[in-house]
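Quick notes on the structure that follows.
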Amino acid sequence: MQHRAGFGQWLRALRDTRGLTQEELAEASGSSVRTIREMERGRVRTPQRRTVALLADALGLAGADRERFVGLARAGHRPQPDPGVVAAAPVLPSELPAAVPNLVGREAELTVLARLTTGVTDGSATTASVVVLHGPPGTGKSSLAVAAGHRLGTAFTDGQLFLDLHGTAPTDTVRADGARVDTGRVDTGRVDTGRTGGAFAGIVDPAEALAGLLRSLGVPEEAIPGQPEQRGRLFRTLTRDRRLLIVVDDAADEAQVRPLLPAGRHCLTLVTSRRPLTGLTGAVRVPVGLLAPDAAWRLLASITGEDRLAADPTGTAELVELCGRLPLAIRVAGNRLASRPGWPVAQLVAQLADPRRRLTALTAGDLDVRATFDVSYRRLGATIAGVFRRASLVPGAEFDAGLLAAVTHVDVESAAAAAEELVDAGLLLPRGDRYAFHGLTRIYARERLALEE
């Protein structure tokens, strides 16, 4: 994009975010309406310094934002190409990662998302434009969001944007200037691995995320405001009349998501998070849980081949249950079988049968089930982490707050509050007024109990 177009684009965006008409800005700055109109269209090659300074005053610019504004205007003094050629045609953003080829068992969730998409694109006033896909670690929320984006994205004619907020990274936070701040974590003696085993990139600051969104929408680097609030206003201005699908992956909390929500009624934002983000007003929440037994079988078969499973249906059913019908665990098991074509299903079943070895066996390349539990556990406060560990001592499949209080040595009210926090973190499953462990999280809790207590 040429400098003149960048200055004019930013001038118009700043005027819009302040709710000013061209006439009002002209009156406040002592300029003519025609001058402002021509500058916004990129037709003024060399704006006068005094005019630029008065515009900056009228727009309330100061500090780095004022310097950037003035500097962008001065760029117009440099030799330019043909004035009739203002900018190249903008690239339509299409940022979704590749979809997993074997998403199964999520037909109900996809139906809900398709209905919401129709409501947003046709402008139905009763349809929410923010959807939170939430659930325990390893249930495939990101895969579902990306797959849904590919299926539904054609309805959003202005493109699809994608952001990974790294909300489950406990190691550090990325500030707006790109620097990282250590936030501390529980030392487990293990090498940090992300949701798919890679090194943590750090929790992304909303201001940095906004800068990335503005770049995707064609805003030149020098035109991105320095202040987070102004970035948000510019983002909402640019998305007001567009039809965009925005996938915000792995959000830590509401505060990280709220500044990234567009204002346009034809934009749909899909957010994935382990927590339901109940503080986001008006959002639709779609829980993403464990797979049904038949869906778990189909997922495993899509990786290993149907014939291999059909040769040992009893062993396959046992393998699915040992994986807790957790999509990540089933993918790991399937990948291990696929990489060992000579193994019968019973051989992997034998490895997983011992609870003390199960989480270690459920590792394949950079897929690691234990690591997904680690990142949720490390974000717990000390008291709630202690309740989680000791809850693994409760006998039976389900328990209430009273039994949890007896085992963890806290009062019933505190036990109930801790259990609800663990449900939000995806480490306990709600069962009416009772609670239950997912089979693999109970094993993980017992590991933590043995290591720390």
Side-chain angles (χ1 to χ4, degrees), residues 95-100 102-121 127-153 155-156 160-169 194-196 203-204 206 209 244-258 260-262 267-292 295-296 299 325-331 372-373 375-376 379 423-430 438:
E95 299 181 344
L96 295 177
V100 294
N102 48 9
L103 184 74
V104 298
R106 299 304 184 196
E107 293 77 14
E109 291 87 348
L110 288 170
T111 298
V112 171
L113 294 175
R115 175 177 55 81
L116 292 169
T117 296
T118 301
V120 170
T121 54
T127 302
S129 58
V130 181
V131 181
V132 179
L133 302 172
H134 65 95
T139 52
K141 300 176 291 294
S142 299
S143 296
L144 173 59
V146 171
H150 281 286
R151 295 189 188 191
L152 308 173
F156 297 92
Q160 304 92 42
L161 304 176
F162 180 83
L163 275 176
D164 187 348
L165 296 181
H166 298 287
T168 51
R195 288 172 296 134
T196 56
I203 299 176
V204 177
L244 286 166
L245 174 67
I246 305 172
V247 176
V248 179
D249 190 33
D250 193 19
D253 53 33
E254 295 89 340
Q256 195 185 24
V257 173
R258 201 172 281 117
L260 312 178
L261 300 179
C267 295
L268 178 64
T269 306
L270 301 182
V271 183
T272 73
S273 178
R274 296 186 179 185
R275 297 178 176 273
L277 305 184
T278 53
L280 289 181
T281 304
V284 172
R285 289 167 185 84
V286 179
V288 183
L290 306 178
L291 292 174
L299 175 57
R325 292 185 279 117
L326 185 71
L328 175 61
I330 293 169
R331 287 189 183 278
T372 67
F373 298 151
V375 291
S376 282
R379 293 179 65 85
V423 168
D424 282 348
L427 295 173
L428 280 183
L429 302 175
H438 176 276

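All figures in this text were calculated on a predicted structure; none of them were measured in a lab.
A donor-acceptor contact shorter than 3.5 Å links the side chain of Ser273 to the backbone of Ala251. Counting only distance, with no hydrogens or angles, the side chain of Gln160 and the backbone of Gly153 share a donor-acceptor pair below 3.5 Å. Formation of a donor-acceptor pair under 3.5 Å by the Lys141 side chain with backbone atoms of Pro287 is not found in this model. Proximity of a side-chain donor or acceptor of Arg325 to a complementary backbone N or O of Leu291 within less than 3.5 Å is detected. A donor-acceptor pair under 3.5 Å is formed between the side chain of Thr272 and the backbone N or O of Asp250.
To the nearest 0.5 Å, atom CG of residue Leu163 and atom CD of residue Gln256 are 9.5 Å apart. One distance of note links CG of Leu268 with CD1 of Ile246; it measures 9.0 Å at 0.5 Å rounding. Remark: Arg285 CZ to Thr278 OG1 distance equals 6.0 Å, nearest 0.5 Å. The CG atom of Leu161 sits 8.0 Å away from atom CG of Leu245, with the distance rounded to the nearest 0.5 Å. A distance of 11.5 Å separates CG in Leu133 from OG in Ser143, rounded to the nearest 0.5 Å. One finds the CZ atom of Arg106 at 9.5 Å from the CG atom of Leu299 (value rounded to the nearest 0.5 Å).
Residues Thr269 and Ser129 have side chains not in contact (no heavy-atom distance under 4.5 Å, counting atoms from C-beta outward). Proximity of Leu290 to His438: side-chain heavy atoms (C-beta onward) are separated by under 4.5 Å at one or more points.
For Gly105 against Ala295, the heavy-atom pair with the smallest separation is CA-CB, 3.7 Å. Closest approach of Gly167 and Ala252 over heavy atoms only: O-CB, 3.5 Å. Between Ala148 and Leu270, the closest heavy-atom pair is CB-CD1, 4.4 Å. The nearest pair of heavy atoms linking Leu96 to Val146 is CD1-O, 4.4 Å. The nearest pair of heavy atoms linking Val423 to Pro430 is CG1-CD, 3.9 Å. Smallest separation of non-hydrogen atoms from Thr168 and Val375: O-CB, 3.2 Å.
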Inset, instruction - Would you check, one step at a time, whether the test side-chain contact (heavy atoms from CB on, under 4.5 Å) holds for Leu144 with Val286? - result: CA-CA 11 Å; Leu144 173 59; Val286 179; 5.6 Å; no
Legend entry - Steps toward side-chain contact (heavy atoms from CB on, under 4.5 Å) verdict (Leu326, Thr139): CA-CA 6 Å; Leu326 185 71; Thr139 52; 3.9 Å; yes
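With no hydrogens or angles considered, a side-chain donor-acceptor pair links Arg274 and Ser376 at under 3.5 Å.
A search for salt bridge (charged side-chain N to carboxylate O under 4.0 Å, His left out) contacts involving Glu254 returns nothing, not counting sequence neighbours.
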